[in-house]
Amino acid sequence: MQEPTDFQKRVYLLLKKIPKGRITTYKIIGDMLGIKAYQAVGLACKMNPFAPEVPCHRVVKSDGSLGGYSASGGIKRKIALLADEYVYINKWKIIDFKKKLFKF
DNA sequence: CGCTTGACACCGT
DNA sequence: AACGGTGCCAAGC
């Protein structure tokens, strides 16, 4: 595995700032990093060599849906992780999404 | 997640 | 440096 790019490190650093029970979106992260390619944020998560240290599962799409999850367990695992933090999912949407949203 | 289009950083070559 | 393929994507239909 290669060293994370500077971009990736910025993404991880940002993700680690997310408090438990809170979530954020790819759009917000992208805006935070000053980029418009939110896909790159997803890429960073996908290539994320760290496990729970970088809570990728706390990142969702801008409409409150989960998006995807590349780590072991797939999307199902993501739902379980969120439920463990009192963030519940209903039909691929986060319940009280706006209230749990963390805007840094 | 239904599917298609758009936009852009990432990575291997 | 440039190109092609790709993406826990966003927005629209």
Side-chain angles (χ1 to χ4, degrees):
Chain A
M1 279 298 282
Q2 293 286 4
E3 295 291 307
T5 64
D6 189 65
F7 175 81
Q8 287 171 277
K9 282 190 283 192
R10 270 181 278 168
V11 173
Y12 301 149
L13 192 65
L14 223 47
L15 293 184
K16 284 193 285 190
K17 293 180 182 298
I18 305 175
K20 181 179 180 180
R22 296 286 213 115
I23 55 178
T24 191
T25 72
Y26 299 101
K27 176 169 289 189
I28 292 174
I29 293 176
D31 187 61
M32 269 285 160
L33 297 176
I35 64 169
K36 279 93 58 175
Y38 319 106
Q39 300 87 331
V41 179
L43 264 180
C45 285
K46 183 178 184 180
M47 297 184 289
N48 173 17
F50 312 100
E53 184 181 348
V54 178
C56 314
H57 59 276
R58 289 186 189 144
V59 188
V60 297
K61 294 175 60 167
S62 54
D63 63 354
S65 62
L66 296 177
Y69 198 59
S70 297
S72 62
I75 191 65
K76 224 179 97 179
R77 176 64 175 169
K78 185 170 183 174
I79 294 174
L81 287 170
L82 288 173
D84 197 50
E85 299 183 5
Y86 306 98
V87 178
Y88 305 109
I89 310 301
N90 178 267
K91 191 58 180 177
W92 302 111
K93 298 276 188 172
I94 292 178
I95 299 176
D96 290 329
F97 165 63
K98 287 189 296 184
K99 288 202 300 186
K100 298 180 184 300
L101 185 59
F102 182 60
K103 300 168 189 162
F104 294 93

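So you know, we letter chains A, B, ... as the sequences are listed, proteins then strands, and number each from 1.
- Among the atoms of the strands shown, base atoms are found under 4.0 Å from some heavy atom of A:Val59.
- Atom pair A:Lys93:NZ and C:dA10:P shows a separation of 11 Å (rounding to whole Å applied).
- The phosphate of B:dC8 (OP1 or OP2) has no side-chain N or O of A:Lys36 nearer than 4.0 angstrom.
- For the pair A:Asp31 CG and C:dA10 P, the computed distance is 13 Å after rounding to whole Å.
- Closest approach to the A:Ser65 side chain among C:dC9, B:dA9, B:dC1 is made by B:dC1 (side chain taken as heavy atoms from C-beta onward).
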Might you list the N or O atoms of the protein lying below 3.5 Å from N or O atoms in nucleotides 2-4 of chain B, with each pair's distance?
none

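- Checked by distance alone, A:Gln39 brings no side-chain donor or acceptor within 3.5 Å of a matching partner on the base of C:dA10.
- Between A:Ile28 and A:Phe102 the shortest side-chain heavy-atom distance does not fall below 4.5 Å.
- Put simply, CG on A:Leu82 and CD1 on A:Ile94 are 6.0 Å apart, with the number rounded to the nearest 0.5 Å.
- In this entry the distance linking CG of A:Leu43 with C1' of C:dA10 reads 15 Å, nearest Å.
- With values rounded to the nearest 0.5 angstrom, A:Leu14 atom CG is found 11.0 Å from A:Lys16 atom NZ.
- Considering A:Arg58, A:Lys20, A:Lys78, A:Arg22 as possible partners of A:Glu85, the one that fulfils the salt bridge (charged side-chain N to carboxylate O under 4.0 Å, His left out) test is A:Arg58.
- Each of A:Ser62 and A:Gly68 was assigned the nucleotide of DNA chain C with the nearest heavy atom; the assignment lying further toward the 5' end belongs to A:Gly68.
- Closest to the A:Lys61 side chain, of the nucleotides B:dC11, B:dA9, C:dC9, is C:dC9.
- Rounded to whole Å, atom P of B:dC1 lies 16 Å from atom CG of A:Asn90.
- The side chain of A:Ala40 approaches B:dC10 more closely than any other nucleotide in the set B:dC1, B:dC10, B:dA7.
- Residue A:Tyr69 contributes atom OH, which lies 18 Å from atom C1' of B:dC1 at whole-angstrom precision.
- Hydrophobic cluster membership differs between A:Leu81 and A:Tyr86, with clusters built from Ile, Leu, Val, Met, Phe, Trp and Tyr side chains linked at under 4.5 angstrom.
- As rounded to whole Å, 11 Å separates atom C1' of C:dC9 from atom CD1 of A:Ile35.
- A:Ile29 has its CD1 atom 14 Å from the P atom of B:dC10, to the nearest Å.
- One P atom belongs to C:dG7, the other to B:dC1, and the distance between them is 13 Å to the nearest Å.
- Residues A:Asp31 and A:Phe104 are not in side-chain contact: their nearest non-hydrogen atoms beyond the backbone lie 4.5 Å or more apart.
- When rounded to the nearest whole Å, the span between CG of A:Leu33 and P of B:dC8 equals 16 Å.
- Atom NE2 of residue A:His57 and atom CZ of residue A:Arg77 lie 9.0 Å apart, to the nearest 0.5 angstrom.
- Candidate nucleotides B:dC8, C:dA10, C:dG7 were compared by shortest atom distance to the side chain of A:Tyr38, and C:dA10 ranks first.
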